[in-house]
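Residue numbers start at 1 and run along the sequence shown. On a predicted model such as this, the values are computed, not experimentally measured, just so you know.
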Amino acid sequence: MTREDIIKNSGYWTAKAQLDLYSCAEEFMKSRNMNRTQLAEYLGVTKGYVSQLLSGDYDHKLSKLVELALAFGVVPKIEFQPIEEAINDDRRKYTKPVWKPVTYTDSRKANTKWFRDTGIYETVTTDSNTFAA
């Protein structure tokens with residue numbers, strides 16, 4: 001399965017939303033020094049429900065997702081984007097950039113600037129085989 005296939009899969013987006021909500025719940029509990037029982041009391045739900053929430057074993061209605069997010073002090077921002085744009089964004093995020101050297105000499109020594117496809121220049125000396133991104 002390619003990354004494009006994954007991005008086009010509804011299960012991917014459901015799992016991503018579940019993981020994002022899980023992260024919000026974990027951060028909320030950590031910031032307030034809460035355990036699962038205390039979180040259940042805070043939300044007005046059972047401990048079993050909290051276990052489902054934190055294990056990702058649930059599939060909430062959109063209204064419940066919004067309600068939980070607000071209870072954790074965050075707002076859900078749902079964005080709709082054409083699939084091809086999402087695929088292109090993913091490519092940009094996970095594709096290793098292409099570096100092109102441009103060598104110049106100043107009065108002290110030869111230097112190389114590395115041009116990355118994003119247009120960011122990084123300077124390194126020619127006597128080094130390493131450079132920072």
What is the distance from atom CG of Leu53 to atom NZ of Lys47, rounded to the nearest 0.5 Å?
-> 15.5 Å
Pairwise distance CD(Gln18) to OG(Ser23) - rounded to 0.5 angstrom = 12.0 Å
Please identify each residue that fulfils side chain to side chain donor-acceptor pair (under 3.5 Å) with [X], with sequence neighbours left out.
{"X": "Arg91", "value": "Glu4, Asn88"}
{"X": "Thr2", "value": "Asp5"}
{"X": "Asp89", "value": "Gln81, Arg92"}
{"X": "Asp59", "value": "none"}

Which ILVMFWY residues are connected to [X], directly or by a chain of links, through side-chain heavy atoms under 4.5 Å apart?
{"X": "Ile7", "answer": "Met1, Ile6, Tyr12, Trp13, Ile83, Ile87"}
{"X": "Leu70", "answer": "Val66, Val75"}
{"X": "Leu19", "answer": "none"}

Salt bridge (charged side-chain N to carboxylate O under 4.0 Å, His left out): which pairs involve residues 7-22, sequence neighbours left out?
-> Lys16-Asp20
So the salt bridge (charged side-chain N to carboxylate O under 4.0 Å, His left out) pairs with at least one residue in residues 61-82 (sequence neighbours excluded) are Lys64-Glu67
Test side chain to side chain contact (heavy atoms under 4.5 Å, CB included) applied to Ser10 - qualifying residues, sequence neighbours left out | none
Which pairs, with at least one residue in residues 35-44 and sequence neighbours excluded, count as a side chain to side chain donor-acceptor pair (under 3.5 Å)?
-> none
Nearest heavy-atom approach of Ala71 to Phe28 is O-CE1, 3.5 Å
For the residue pair Ala69 and Leu21, what are the closest heavy atoms and their distance?
-> N-CD1, 4.3 Å
For Tyr49, ring-ring contact (aromatic ring centres under 6.0 Å, His included) partners two or more places apart | His60
For residues Tyr22 and Leu54, determine if any side-chain heavy atom of one lies less than 4.5 Å from a side-chain heavy atom of the other.
-> yes
